[in-house]
Amino acid sequence: MSDQTRGRRRLSGHGDDPCSSSEQGPRPKVFKASGSSTAITTVGSAPTASGRPSGSSTAITTVGSAPTGSGRPSRYDLRYEIINTRPSDVVTKQGTDGMQIRLQTNFFRLITTPKWRIYHYHVEFEPDIEMVRVRRGILSDHSNVLGSAFIFDGKQLFTTKKLEKDLTRLQGTSKTEINYTITIKYVGTISTAESRFLQVLNLILRRSMKGLKLELIGRNLFDPNAKIMLREHHMELWPGYETSIRQHERDILLCTEITHKVMRTETVYDILMRCINNPARLQEDFRTNVLGLVVLTDYNNRTYRINDVDFGQTPRSTFSCKGKDVSFVDYYLSKYNIRIRDQKQPLLISKNKDKAQNTQKDEMVILIPELCRVTGLTDNMRNDFGLMRAMSNHTRMNPQRRIERLHTFNRRLQNTPESVKVLTDWDMRLEEQLIKLNGRVISPQKIVFKANKVSAGNGADWTREFRAATMLTTPRNGLSRWAVIAPERNSRELRTLLESLMRVGRGMGFNISNPTELKIRDDRTGTYVRAMDDCARLDPMLVLCLVPNNNVERYSSIKKRGCIDKAIPTQVVTIRVANNRGLMSIATKIAIQINCKLGYTPWMIELPLSGLMTVGFDIAKCSRDRSKAYGGLVASMDLKENSTFFSTVAECSAYDVLANNLWLMLAKALRRYRYEHNKLPTRILFYRDGVSSGSLKQLVEYEVKDIAEKLKQEYQKAGENTQPMLAYIVVTKSSNTRFFTDSYQNPPAGTIVDDVVTQPERFDFYVVSQTVRQGTVSPTNYNVVYSTIGLSPDQIQKLTYKMCHLYYNWSGTTRVPAVCQYAKKLATLVATNLHAIPESALEKQLYYL
Amino acid sequence: MNFMESSSEMVTCPYNSAHRMLRKKLQQHIIKCRELYKNEIPLLNCPFNNSHLIPEPEFYQHTKSCEDRKIVAHFQFSESAPIKEDAKHEKISADEDWDEDNTPAYNPQVYAASANIVREPKGIFPAQRKDFIKEERKRLGDLSDEEKMPEPPPPPKISIRETTKTRHQPYQRRANH
């Protein structure tokens, strides 16, 4: 998908896997006819590095010694304080298992002179100046005092040279002939030993990137000169760079990622013109289209969110500016030399969000529709296949192209005189080559079917092998009692669909009997719902609805009836699917899905642990009420003998990053485990998705500690004489890290990186779990924030990769562990379609697939 | 119509009514105040929602009326799914067996504290952060600060307890009634 979707919402995988397409919005069935091209590979037993016994490695001297300054209240130690009373004697987070692979990354090493010291000053202007640009301008006149190298961000000043006095007063004059007194106060020094040093490095880099004539939009720099026009879609793509300098495992590294900014050439005025066709509803239409949009104003390059529309005012209205009443028309003409064309348009109102905490709480910004460019993609655009393809042609880059662009960036930075000057002034040098490192590839996993085991192959895709296999578990009597609802005029499609379903079902050991057929006269939502009520009396195991198109309302109503009112799993199939020439492969997928929705399992992997419960958690925002969100939790039972999953969902607040009622959900899962296995799980592996790395510390304080403590109580209460073994792993899909092989390819599925680009203060690793044919694969980052699970880094990594094989909508690996993918799917279904908590009777079935 | 309104809604800290913040900052704030006031104001954690911190006298009433109670109620009052025996299968054998393994966890701080790297003082109070940075400079051998400048008088060791004594304590007062 496009780079615009980065962040929490980023879809999984750049490739063409159905999991990514089935995540957002109600798209009843997006089965792809599989034009599978993967060759069957024989069990490629990759040579594993000589199996060193886990845990026993050469202990380095620092083991056990408390961190420096034992008197210092180190909050970090708290992280492990609660349970981990043993000395931590695992001295490395690097694993050894798997085949070595040489990789390149999108990182550059930074070479700075070691004895380097930055002087930090605070700058004040009298009278005060609002505009940062003006502040900068006035201060830059004094570069003779400040030395050639200084960085000024509007308030803080960083220099390489110490000023003579701790308090310097200067006089300055702005272009508007106002005299200012500048006070520069010494704050302190910033040494290379503290994290503020890294912030300054980032500022310096940005400053030098300005030399490349880049423009700052949001937080990143983009290149307007290299923009790509997509005229037919009223769009521009601006290529840009996302850079960050951070402390990594051993060195300070610069991570550079090539991104694109989608700029719509459309203005809010264009939207207004579209609404004007219907004068009676103009105001209402315009409001619904515009409220909540984020707009960009070219004249000052700022973004605003539109909160209201003022139809009572026009650009001719006046406002008070410096004591005088000025009309908007005159203001823009004099200040920015912009002539407003339509002088009758309404005005937009934006409340300044960031300043809500300050005194200017009610500060409002008034904007002119004509000057506001719309940003972001609408849902309509996202669904526009032609547009998305046109965009991805430019945004999706294969590794080769990406590497070239990274080198170009580096060359430009090192050859543009302006940039070089900034860098040399600060004594900063970038290495020219991308950083190379060693990764490891875990050998292909075995997929366990009922009668046989097959290797997932090097491509980690077993679509082909699946056709000849019998599913691991199916209902004893097959799908014996079920119903279909279809419009009368689609009887032919229904027939072909049912025939194919039964045929593929037989092949997979899943016996599908003839269903009760309900023919409906029209395809109205109400008719489907009434038909479902009729079906419910037959107590069917499943209801299949054949629908003419992916209408959201109908889909939601069917799902609501099924999940909330009746506790019957439903399967919605569009007519188009039934008419597709590749029906057989689609029917295979539907049959697998139906089997899962009944609570049975198509396949499993080999697990080296018994009594393991894997849990995934994710949050989705409610589509109807923005203050609400739904958190989905999916937990596996003991997958060695009972390959089923428990799913639960709870409402939570959209304002909270951390889950408030996570324990309740986990407790339900534990009760269920105990009910099925008569004991609590020996080990719990918790994958937490949907949290940004910025709130990790809070996560540990707020969620993890709470869970660890309550878990302990739960085990005591249950009379278990063992301590719970828990690992809490934060999953991040949206990191900027990229890996390429030496031959400019994507690394194979199962590649693990746990060194060099990881972070020293974390127990983290990267896994590339998918094979991607188009574009560059983006690895998933895993961060073990808490662990008493008693597994070595090697084992945790391997287990994580194994867990990526169990998403049953896709006969291949997913980008995140299956439980996370399920949790996300569940939360999304509830948040966008159901808006209520589903019936508990369904909790052991993957009804939301 | 205006959905920005609700997200910028201001809320009050359960520990100190003088603390007002945006709704979305509440969780972050509670973590800090919980630490600051843990000995002063004993608030009880609602079993249904971690962000509900309730003074003892009101606790019972709250557990009755908490809106997240429905999560448990939904669980208790609806029938759970029966166990399907045919969904179970024979134990899947695996090449490896880690059941007896018990490797202690890797603690990144042990490495971080000894390596030549910049550490981040995240989520700690300002005074502690200052100390942290000082220690870090010492650790990484960047001591020229102390050489150049006269030693400033050591900052008075103010424990968190002391500083909180003077603060306004809404719930304790109410509890004394």
Side-chain angles (χ1 to χ4, degrees), chain A residues 54-55 62 67-69 72-73 75-76 80 84 86 88-90 93 191 193-195 247 307 356 448 472-473 476 599-600 604 606-610 626-627 640-642 644 650 655-656 658 660-661 664 668 676 697-698 701-702 760-763 787 790-793 795 837 840-841 843-844, chain B residues 2-4 6-8 22-24 27-28 31 48-51 68 71-72 74-75 78-81 83-84 86-89 91-92 94 96-99 101-115 117-120 122-124 128 131 133 135-137 139-140 142 145:
Chain A
S54 49
T62 47
T68 41
R72 177 167 51 86
R75 283 291 204 90
Y76 279 107
Y80 288 92
N84 202 353
R86 295 175 298 250
S88 299
D89 53 2
V90 176
K93 68 178 174 193
S191 84
E194 56 190 295
S195 57
Q247 173 72 55
N307 296 107
V448 181
L472 183 66
T473 61
R476 194 173 292 128
Y600 297 86
M604 215 351 95
E606 287 185 349
L607 270 182
L609 281 171
S610 47
R626 290 207 176 210
S627 68
K640 258 192 122 106
E641 51 183 61
N642 181 0
T644 52
Y655 310 128
D656 292 337
L658 310 170
N660 286 321
N661 26 43
L664 286 185
K668 283 186 196 176
E676 300 225 352
K697 179 76 191 168
Q698 282 105 299
E701 289 288 321
Y702 199 83
E761 295 189 76
R762 291 184 190 168
F763 176 6
S787 170
L791 295 177
S792 68
Q795 287 168 326
I837 307 300
S840 300
E843 67 197 9
K844 278 301 297 298
Chain B
N2 209 340
F3 50 77
M4 286 302 294
S6 46
S7 68
S8 56
L22 288 175
R23 172 65 185 83
K24 63 174 180 193
Q27 268 186 338
Q28 219 176 320
I31 295 170
F48 305 114
N49 188 323
N50 271 349
S51 71
D68 279 334
I71 299 174
V72 174
H74 186 262
F75 181 62
S78 57
E79 206 179 332
S80 66
I83 297 177
K84 287 179 185 148
D86 52 352
K88 291 188 180 174
H89 48 84
K91 222 170 184 160
I92 298 169
E96 291 170 280
D97 185 7
W98 303 341
D99 277 346
D101 287 14
N102 199 349
T103 320
Y106 167 75
N107 185 348
Q109 288 310 315
V110 175
Y111 163 73
S114 62
I117 54 152
V118 177
R119 292 202 285 169
E120 276 181 68
K122 248 188 207 157
I124 57 178
Q128 291 171 314
D131 290 350
I133 290 171
E135 287 291 336
E136 282 296 288
R137 287 189 182 187
R139 183 175 75 89
L140 297 172
D142 190 356
D145 250 8

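Labels below follow one simple rule: chain letters A, B, ... track the order of the sequence lines, proteins then strands, and each chain is numbered from 1.
For a residue to count as touching a neighbouring chain, one of its non-hydrogen atoms must lie under 4.5 Å from one of that chain's; by this rule B:Lys91 touches chain A with backbone and side chain alike. Of the atoms belonging to A:Leu664, it is side-chain heavy atoms, and not backbone ones, that fall under 4.5 Å from chain B. Contacts of A:Gln247 with chain B are made by side-chain atoms alone, with heavy-atom separations under 4.5 Å and no backbone atom involved. B:Ile133 touches chain A through its side chain: at least one heavy atom from C-beta onward sits under 4.5 Å away, while N, CA, C and O do not.
Chain A forms the most heavy-atom pairs under 4.5 Å with one residue out of B:Ala112, B:Ala115, B:Ala87, and that residue is B:Ala87. Chain B forms the most heavy-atom pairs under 4.5 Å with one residue out of A:Ala650, A:Gly599, A:Ser610, and that residue is A:Ser610.
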Can you list the steps and then say if A:Gln795 with B:Thr103 is a side-chain contact (heavy atoms from CB on, under 4.5 Å)?
CA-CA 10 Å; A:Gln795 287 168 326; B:Thr103 320; 4.2 Å; yes

Begin with the C-alpha distance, continue with both residues' side-chain angles, and end with the deciding distance and a verdict on side-chain contact (heavy atoms from CB on, under 4.5 Å) for A:Tyr702 and B:Ser51.
CA-CA 9 Å; A:Tyr702 199 83; B:Ser51 71; 3.2 Å; yes

Set out, in order, the CA-CA distance, both residues' side-chain angles and the distance that settles side-chain contact (heavy atoms from CB on, under 4.5 Å) for B:Phe48 and B:Val72, then state yes or no.
CA-CA 8 Å; B:Phe48 305 114; B:Val72 174; 3.6 Å; yes

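Remark: A:Lys844 engages A:Thr644, A:Glu676 in a side chain to side chain donor-acceptor pair (under 3.5 Å) (not counting sequence neighbours).
Side-chain contact annotation: A:Asn660 with B:Gln27, donor-acceptor N/O pair under 3.5 Å present.
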